Amino acid sequence: MRITALVENKSDCELTPVHGLALYIETEKHRLLFDLGPDDTLLKNAEKRGIDLGQVDAAVISHGHFDHGGALAAFLEVNRTAKIYVQRRAFEKHFSKSLGFVKVPVGLDRKLMEHPQVVLVDGEYRIDEELLLFTVADCSRYYSAANDTLYDENGRDMFAHEQDLMIFGERNALIMGCGHCGVVNILERAKAYKPDVCVGGYHLRVPVTKKTVPEEVLEGIAGELRKYDMDFYTCHCTGDKAFAYLAERVSRMRYLACGKCVEV
């Protein structure tokens, strides 16, 4: 299995960074995308790496925010066959509110909900023997206050629209988007699937205010991650300060910047 960050916030290579996430994943059976990023950066960076997005056979959108699914329309223009798996509730209205400002829409293009390539999912969903989508109901442990700026139509977002991906192979990989439900809670939910690698963001920093969650939350997360015999690659919404803190305390923690690859 090979995982390449095609869209990510940081880059030290020829690829263009942007706030968002898109992972191109090559497995024994699939060429798939996990998240699509906010715009056509995905298409441009794929072209720079010689990756034909028309050959992607499946895509997963982790949750209903545009920085993870904003490029859906652009992707559908270049790929007419791949199924795109999205939780049904991801197409509900989602907003961001910080610094006392009005709520700003951050959701997906709702017109694409009815597209024939889009597969609407309700909770756990087995794509095939290699790919499994799951959701997390209990988000209580080591809650990230960075979530407090995010809303849906009913109030504070509870992230029922967020899904994570298990890829089963010689080594099993857990793939997350923002990890709004909390990396500790997601790992607890995924424990039965025996992941060897965890890749994704932890949402420990508010993009607008650049404020990181309190140190006691970071310390609690670090303590939980140390319990796992696992490689961790984080990115996107974790934030530099939180990553540095965790990397000092979790020996197998790495950052997956734009253009970087993980061999599993």
Side-chain angles (χ1 to χ4, degrees), residues 1-13 15 17 19-27 34-35 62 132 134 136 138-147 162 164-207 210-264:
M1 191 188 313
R2 181 179 173 88
I3 304 168
T4 303
L6 282 183
V7 175
E8 208 276 328
N9 300 39
K10 300 168 63 175
S11 177
D12 56 5
C13 66
L15 301 192
H19 180 82
L21 185 66
L23 305 176
Y24 175 67
I25 306 175
E26 301 165 275
T27 73
F34 184 89
D35 284 339
S62 63
L132 172 72
F134 68 91
V136 175
D138 184 359
C139 305
S140 60
R141 298 186 70 200
Y142 301 105
Y143 174 80
S144 172
N147 287 329
E162 183 175 73
D164 305 288
L165 173 67
M166 278 299 308
I167 306 176
F168 298 100
E170 190 171 326
R171 299 181 75 213
N172 299 333
L174 165 60
I175 314 295
M176 310 185 311
C178 273
H180 286 292
C181 290
V183 61
V184 172
N185 304 304
I186 294 169
L187 284 167
E188 182 65 26
R189 173 70 174 80
K191 189 182 295 185
Y193 306 130
K194 300 180 179 179
D196 300 290
V197 178
C198 177
V199 180
Y202 300 166
H203 200 69
L204 300 174
R205 176 179 178 267
V206 180
K210 299 179 172 53
K211 186 176 181 180
T212 300
V213 299
E215 186 172 314
E216 55 266 29
V217 175
L218 296 177
E219 181 56 39
I221 292 172
E224 291 297 321
L225 297 189
R226 285 196 297 268
K227 296 177 182 179
Y228 291 89
D229 181 17
M230 189 181 303
D231 295 316
F232 294 96
Y233 295 88
T234 194
C235 53
H236 175 49
C237 54
T238 300
D240 291 343
K241 181 178 178 180
F243 168 70
Y245 188 98
L246 294 174
E248 285 183 0
R249 293 159 177 81
V250 182
S251 62
R252 294 160 68 182
M253 174 74 65
R254 302 290 183 271
Y255 194 93
L256 187 64
C258 198
K260 299 290 187 181
C261 299
V262 175
E263 299 280 353
V264 179

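Note that the structure is a prediction, hence the values are computed from the model and not measured.
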Could you check whether any side-chain N or O of [X] sits under 3.5 Å from a backbone N or O of [Y], counting only pairs where one atom can act as donor and the other as acceptor?
X    : Y    : value
D35  : S62  : yes
T238 : Y202 : yes
R2   : C261 : no

Which distance, rounded to the nearest 0.5 Å, do you find between the [atom1] of [X] and the [atom2] of [Y]?
X    : Y    : atom1 : atom2 : answer
L21  : H236 : CG    : NE2   : 6.0 Å
S144 : L218 : OG    : CG    : 9.0 Å
I175 : C198 : CD1   : SG    : 7.5 Å
I25  : M1   : CD1   : CE    : 7.5 Å
E224 : E219 : CD    : CD    : 10.5 Å
L225 : R249 : CG    : CZ    : 12.0 Å

Just to verify, which of [options] counts as forming a side chain to side chain contact (heavy atoms under 4.5 Å, CB included) with [X]?
X    : options          : value
L204 : V183, T234, I221 : I221
L174 : L165, V197, I186 : I186
L23  : L256, T4, L6     : L256

Quick one, Y233 and V264 - any side-chain contact, counting heavy atoms below 4.5 Å?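 They are not in contact (no side-chain heavy atoms under 4.5 Å apart), so the answer is no.
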Carefully, step by step, assess D164 and R189 under the rule salt bridge (Lys or Arg N to Asp or Glu O under 4.0 Å). CA-CA 10 Å; D164 305 288; R189 173 70 174 80; over 6 Å; no
Which is it for K260 and E8 under the salt bridge (Lys or Arg N to Asp or Glu O under 4.0 Å) test, yes or no, and what are the steps along the way? CA-CA 10 Å; K260 299 290 187 181; E8 208 276 328; over 6 Å; no
Atom of [X], atom of [Y] and distance for their closest heavy-atom approach:
X    : Y    : result
N172 : G169 : OD1-N, 3.1 Å
G259 : C13  : CA-SG, 3.9 Å
C258 : L15  : SG-CB, 3.7 Å
A190 : P195 : O-CD, 3.3 Å

Other residues, nucleotides, ligands: >12 heavy atoms within 6.0 Å of E215 CD: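 Not buried by this count: 12 neighbours or fewer within 6.0 Å.
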For E170, does the CD atom have more than 12 heavy-atom neighbours from other residues, nucleotides or ligands under 6.0 Å away?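 Check fails, neighbour count at 12 or below.
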What pairs with [X] under ring-ring contact (aromatic ring centres under 6.0 Å, His included), at least two apart in sequence or on another chain?
X    : value
F243 : Y255
H203 : H180
Y142 : none

Step by step, would you call V136 with E162 a side-chain contact (heavy atoms from CB on, under 4.5 Å)? CA-CA 8 Å; V136 175; E162 183 175 73; over 6 Å; no
Which residue pairs pass the salt bridge (charged side-chain N to carboxylate O under 4.0 Å, His left out) test when at least one of the two sits in residues 171-187, sequence neighbours left out?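 Checked against salt bridge (charged side-chain N to carboxylate O under 4.0 Å, His left out) - neighbours excluded - the pairs reaching residues 171-187 are R171-D231.
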Filter on salt bridge (charged side-chain N to carboxylate O under 4.0 Å, His left out), then keep only pairs touching residues 190-206, sequence neighbours left out; what's left?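 Found E188-K191.
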Mutual orientation of the aromatic rings belonging to Y193 and F168 [parallel < 30°, tilted 30-60°, perpendicular > 60°]: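 Taking F168 first and then Y193, their aromatic rings stand perpendicular (interplane angle over 60°).
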Tell me, please, which residues at least two apart from Y143 pass side chain to side chain contact (heavy atoms under 4.5 Å, CB included).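 Y143 satisfies side chain to side chain contact (heavy atoms under 4.5 Å, CB included) with N147, D148 once adjacent residues are dropped.
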Could you check whether R252 pairs with D229 (Lys NZ or Arg NE/NH1/NH2 to Asp/Glu carboxylate O, under 4.0 Å)?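 Salt bridge present between R252 and D229.
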